[in-house]
Structure formats: C-alpha cells, structure tokens
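Heavy-atom basis, side chains included; hydrogens, waters and symmetry copies ignored. This one's a predicted model, so the numbers in the text were calculated from it and none came from an experiment. In this chain, numbering begins with 1 at the start of the sequence shown.
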Amino acid sequence: MFPLYMAGDDLFLTHHFVWFSSSFLLTQGSKDCHPAFIVCRRIYPGGCTILSGVIALSSMEFLLDPLMEREKSWESYSTSSSRSEAVEFKPVSEDSDVQDGDTLVSLDAILPDDLLEKVLSFLPVVSIIRSASVCKRWYGAVHSGRFSWTSMLPQKPWYFMFTCSEDAVAGYAYDPSLRKWYGFDFPCIEKSSWSASSSCGLVCFMDGEDRSRIFVCNPITRDWKKLQGAPGGKYPDYSALAVSVDRKSHSYTIAVAKCKQVPEDYYQWDLSIHVYESEGESWVTPFNETLVGWRGGDECVICDGVLYYLIYSTGVLGNAEPRHCLVMYDLSGRSSHMSLMRMAVPAPCSLTCGRLMNLRDRLVMVGGIGKHDRPGIIKGIGIWELHEEQWREVARMPRKFFQGFGEFDDVFASSGADDLIYIQSFGSPALLTFDVSQKLWKWSARSPVTKRFPLQLFTGFCFEPRLEIAS
C-alpha cells in the first residue's frame, strides 16, 4: 500500500516517495500538480531505488476536463495549456539524503517506449489522446500506431450525436464509462445525410447524394482515406452500408447493397451487392437479383462473415405478410446463383422500423413495435436476437423510458457494439442506453445538444474508440 492520501483532486505525498512525469513534477510535500500520469518510486537509504508501482489518474483536470462550458473540444488541449516549467533534472547520488531536500527524477530516463505505452494503455482513451500534449516523446508514443494499444483496457462504445442540417457536421461524443460528453467532429463526413457504419474502431461513410463516394476513418486518430468509386451507380433509390473489421489482422470488409426500381414496375426492384476488401483494395459485385413484392432499404450489417439486409414489403399496409423481412448473404461463399428470398426471416412482429447491429458476433435488431390495427404507428420498442433463423426477444423498453422521450417518432436512430445499445429519437437530443448483459436501461448524462426550433432533427451512431486500427 502506497502512503498516499487523496482529498478531491489534491495529492499529498508522504515519507520518501518521489512522483514524476516528463512534463509535470511533484516533489516531497508538494500538492500543486496536474500530471498526465504519475509513477511512484521508493528511494531507500544508500541510494537504492525500486520502482514501486504505477498509478493512472484519469480524474485530473488536465486529462478529463468535462464539457461544462462547451468551449473546448476533447482534443483541443496543447502543451501551452499546461502549467509546467523547465526544470533541471539532477541525478540521485548514493550519498544524497532525500530527507534533506527534494529529489526530481525524469520519467524519460526510466521507462522504455514499450513500457511507457503499456502505462498509458491503462488510461481511458480520451486521457491517452490528451497525454500526447505532455511532450514530444509522449506524442510519439500515442501516435506510434504500434500494437501496444491492443492490450488497452476494454473501452465501451461511444455515441456521436449531431443535428441534421446542411451545415458541416459537428457534434458531441458521449463516453458511457465516464458519463461525459466531448465536442467532436469527424475528419471526412461533410453532411448529415451521409450513411454511416462502424466496426472495431473504424467508421465508414457513404455520400447521401453520390453513393459511389465512400470514406473510411478512425475518428480517434483522425486517420482516413477515400476509397475508389463504388460500383452500382451513383443514384440508386435505396442503399445500405456495412463495414466489418477483423480484430486480429485489422483488415476490413465493406458491403454496399443498392436497390433500384424496375422502370414502370413498382413491384420489381433490382438489388445488387458490392464488396470491398482492404487487403486487395478493390471492389467486386458478386450478387444481383430482382426482388418481386419487396424492395431494399437502408439497413444492413455484417455479422460473423454474413451480410444481413432488411427489406420492405411493397404491398398495401395491413396485409397478412410482414412489412419487414431479413435476408442474408454469405460474404465468404459469395454465391451468385441463389435467391435471397429462399432463406428470408420474417420480422418478429409488425415493425415501424428496424435497426440491425452486431453485438459480439450476435445479430441484434432494435425495432419500433407497431399497433395491431395501425401498424405504421409506434406503441413501443423491442430488442430481438437472431438465433438459428428465429427471432428471440431480449427486452422491451419500459413504458417510463418510452414516454421519457416525449413524442417518439415511428422511425428512430439506434446502434450498438459490444454489449451496449443506444436509442435516440430523431426529434429529441435525449439518449437512452441498454446494457444487454445486465439487462439495464439507463439515460445518458444530459446532452449538450440543444433543440433550437420545433422541427429540428437529431441523429447519431456509435463507434468503438481505438488507437491501433488504421484505415
């Protein structure tokens, strides 16, 4: 046990402990410090020193300044904002008596790069990014791109919320672990009408006006690239986007489903599936089919190597057949001779809309439950998991949470990763989370996004904050 006492954010040092970092120093008896992280070293009589342990402090003001006044984004901190001063480091002499004065020890003289990255990996990801402002060496460690970050503590998926408008997209990211919002913007998304899909730290965007323009980015490291034009035409009637990252090799697969009405025939729709592999950096179109009585939509996801796609009935509302149906396409086999409708799975009930997501290689759908006599009117929200081509109900949103949104739209935003699901009404900045493993519903911290006029719309999506994945 370290002889350390804490009162709020103040630290009090006792006995012969020296606390140090590469830019911030705390000496014996001092408490005026905001280190990015602190390493504790015990100095014994005779000059013998032992590294006693590492303590990562994520609640310090420098690391996690909560979004109170909404003036700074989470990445706007620089070394100029710190209160450090140039200090001359002095070696610890065998004859020196640490009880007679203060001793300063340089972190850079102790920790090799791999150990420094290991220490940083115990911090929340927002603290890791901000620690890059401490000094040049720490900046290099944070942005090294080495696989050291694969050993990071598990990070819950964040949720990016923004307003639907013609202006440049900028909004706020919610960290459920710390229950804090941060000012945030993506490096390549231009308009709120763009489609988005995420997997294992990468986010993929598709231009809502030109469906051949597709970008991939890591929103944390701000690494991004534009893919070569996707086939299937720029202006399909409906299109859906999905991305899947291999957690071992970090290669990724992107699937785009495009659907266009057969001229002068509302019941027939041409569907095509286009696949991009990052290793080959090329597109292929392995599948085409003409759907009869069904059309494509904007919802698909890749789960365990299979593309799941939600399609919609073109029949009259209130008929016996379900309004939604799930079809699947094996991306590894890539057969071009089978019909998707042969293995179609009907929706579990009449839905106003459905949102598909991959939760640890389990296919989960969040759907608006329609009224029996008026299936287009929402009466609640359910969550289902696909198990052996059958839907199994996981949970239904309690009435108090459903009413907590106010007037809930028939369609809404919902996405998830790991074991966490986010649900957001298009007409409200309120954000609700559901932990699948704990079966726990919980409101997020109050969103800094405000509603400025009655018809203002909001949307968002979730992504995993990771440092080691590159586009």
*Ring centroid separation for Phe287 and Tyr329, is it under 6.0 angstrom?*
yes
*Assess the pair Tyr276 and Trp283: is the distance between their ring centroids shorter than 6.0 Å?*
yes
*Return yes if some donor-acceptor pair links the side-chain N/O of Asp419 with the main-chain N/O of Ser437 below 3.5 Å, else return no.*
no
*Hey, mind stepping through Trp294 and Cys325 against side-chain contact (heavy atoms from CB on, under 4.5 Å) and telling me if it holds?*
CA-CA 9 Å; Trp294 297 87; Cys325 198; 3.5 Å; yes
_Are there over 12 heavy-atom neighbours, none belonging to Lys439, within less than 6.0 Å of that residue's NZ?_
yes
*After noting the C-alpha distance and the side-chain angles of Asp265 and Tyr267, does the key distance pass the side-chain contact (heavy atoms from CB on, under 4.5 Å) rule?*
CA-CA 6 Å; Asp265 190 341; Tyr267 289 96; 3.8 Å; yes
*Phe426 and Phe412: aromatic ring centres closer than 6.0 Å?*
no
*Is Leu431 close to Met161 at the side-chain level, that is, under 4.5 Å between some pair of heavy atoms?*
yes
*Examine the side chains of Glu279 and Tyr252 and answer whether a donor and an acceptor come within less than 3.5 Å of each other.*
no
_Within this structure, what is the CG-CD distance for the pair Leu331 and Glu277, rounded to the nearest 0.5 Å?_
8.0 Å
*Checking Lys451 side chain against Gly427 main chain: does a donor-acceptor pair fall under 3.5 Å?*
yes
*asked:* Around atom CZ of Arg446, are there more than 12 heavy atoms from other residues, nucleotides or ligands closer than 6.0 Å?
replied: no
_Shortest non-hydrogen separation from Ala413 to Thr459 and the atoms involved_ = CB-OG1, 4.0 Å
_Closest non-hydrogen atom pair between Thr352 and Asp410, with its separation_ = OG1-O, 2.6 Å
*asked:* I'd like to know if the side chain of Arg362 reaches the main chain of Leu359, judged simply by a donor and an acceptor atom lying under 3.5 Å from each other, with no hydrogens or angles considered.
replied: yes
*On the 0 to 90° scale, with breaks at 30° and 60°, tag the Phe205-Phe461 ring pair as parallel, tilted or perpendicular.*
perpendicular
*Keeping the roles fixed (side chain from Tyr174, backbone from Ala445), state whether a donor-acceptor pair exists under 3.5 Å.*
yes
*Which heavy atom in Thr450 sits nearest to a heavy atom in Gln456, and how many Å separate them?*
O-OE1, 3.6 Å
_Approximate separation, where rounding is to 0.5 Å, of Leu326 CG and Met328 CE_ = 5.0 Å
_Geometric class of the Phe160/Phe186 ring pair [parallel <30°, tilted 30-60°, perpendicular >60°]_ = perpendicular
_Non-hydrogen side-chain atoms of Ile254 and Val216 separated by less than 4.5 Å_ = yes
*Taking the side chain as every heavy atom from C-beta outward, state whether Phe402 and Ile423 have any atom pair closer than 4.5 Å.*
no
*asked:* Under 6.0 Å from the ring centre and within 45 degrees of the ring axis: does the NZ or CZ of Arg295 meet both conditions for the six-membered ring of Tyr238?
replied: yes
_If we ignore hydrogens and angles and just use 3.5 Å, is the side chain of Asp223 paired with the main-chain N or O of Ser471 as donor and acceptor?_
yes
*Is the closest side-chain heavy-atom distance between Val256 and Ile273 below 4.5 Å?*
no
*asked:* Working note: Ser177 + Gln155, criterion side-chain contact (heavy atoms from CB on, under 4.5 Å); need CA distance, chi angles, decisive distance, verdict.
replied: CA-CA 8 Å; Ser177 299; Gln155 308 279 331; 5.6 Å; no
_How long is the straight-line distance from SG of Cys303 back to CG of Asn358, given to the nearest 0.5 Å?_
4.0 Å
_So does Lys234 get a backbone contact from the side chain of Ser212, meaning a donor-acceptor N/O pair under 3.5 Å?_
no
*Salt bridge between Glu468 and Arg247, side-chain N to carboxylate O under 4.0 Å?*
no
*Return yes if some donor-acceptor pair links the side-chain N/O of Ser195 with the main-chain N/O of Leu241 below 3.5 Å, else return no.*
no
*Do Ile421 and Val366 have side-chain heavy atoms sitting under 4.5 Å apart?*
yes
*Does Glu289 offer a backbone N or O that forms a donor-acceptor pair with the side chain of Trp269 under 3.5 Å?*
no
_Rounded distance [0.5 Å steps], CD in Glu464 versus OG in Ser198_ = 7.0 Å
*Please name the pair of heavy atoms, one in Tyr422 and one in Pro176, separated by the smallest distance, quoted to 0.1 Å.*
OH-CG, 3.2 Å
*Check the pair Tyr235, Glu209 against side chain to side chain donor-acceptor pair (under 3.5 Å), reporting the backbone distance first and the verdict last.*
CA-CA 7 Å; Tyr235 313 111; Glu209 298 177 357; over 6 Å; no
*Can you check whether Leu420's main-chain N or O pairs, donor with acceptor, with Asp418's side chain at less than 3.5 Å?*
no
*Under 4.0 Å between a Lys/Arg side-chain N and an Asp/Glu carboxylate O for Arg360 and Asp304?*
no
*asked:* What I'd like to find out is whether the side chain of Arg323 reaches to under 4.5 Å of the side chain of Tyr312, using heavy atoms alone.
replied: no
*Just how far is it from atom CG of Leu307 to atom CG of Leu356, taken to the nearest 0.5 Å?*
9.5 Å
*Enclosure of Lys225 NZ (heavy-atom neighbours >12, cutoff 6.0 Å)*: yes
*Is the count of non-hydrogen atoms from other residues, nucleotides or ligands lying under 6.0 Å from Lys442 atom NZ greater than 12?*
no
*Any luck finding a side-chain donor-acceptor pair between Ser239 and Arg211 under 3.5 Å?*
yes
*Leu467 and Ile129: side-chain contact (heavy atoms from CB on, under 4.5 Å), yes or no, with the steps?*
CA-CA 9 Å; Leu467 291 167; Ile129 293 298; 3.6 Å; yes
_Side-chain donor/acceptor of Lys258 to backbone N/O of Gly233, under 3.5 Å_ = yes
*Please check if the distance between the ring centroids of Phe405 and Trp443 is under 6.0 Å.*
yes
*For the residue pair Thr290 and Gln268, confirm or rule out a side-chain donor-acceptor distance under 3.5 Å.*
no
_Met343 CE: over 12 foreign heavy atoms closer than 6.0 Å_ = no
*Kindly indicate whether the side chain of Pro219, heavy atoms from C-beta on, has any atom under 4.5 Å from the side chain of Phe184.*
yes
*Determine, using ring centers only, whether Trp194 and Phe215 are less than 6.0 Å apart.*
yes
*Atom SG in Cys217, atom NZ in Lys226: separation rounded to 0.5 Å?*
15.0 Å
*Got Ser131 and Leu120 here, is their nearest side-chain heavy-atom distance under 4.5 Å?*
yes
*Locate the shortest heavy-atom distance separating Ile128 from Ser121; write the atom from each residue and the value.*
CD1-CA, 4.2 Å
*Can you see which heavy atom on Trp391 is nearest to which on Pro348, and at what distance?*
CD1-CD, 3.5 Å
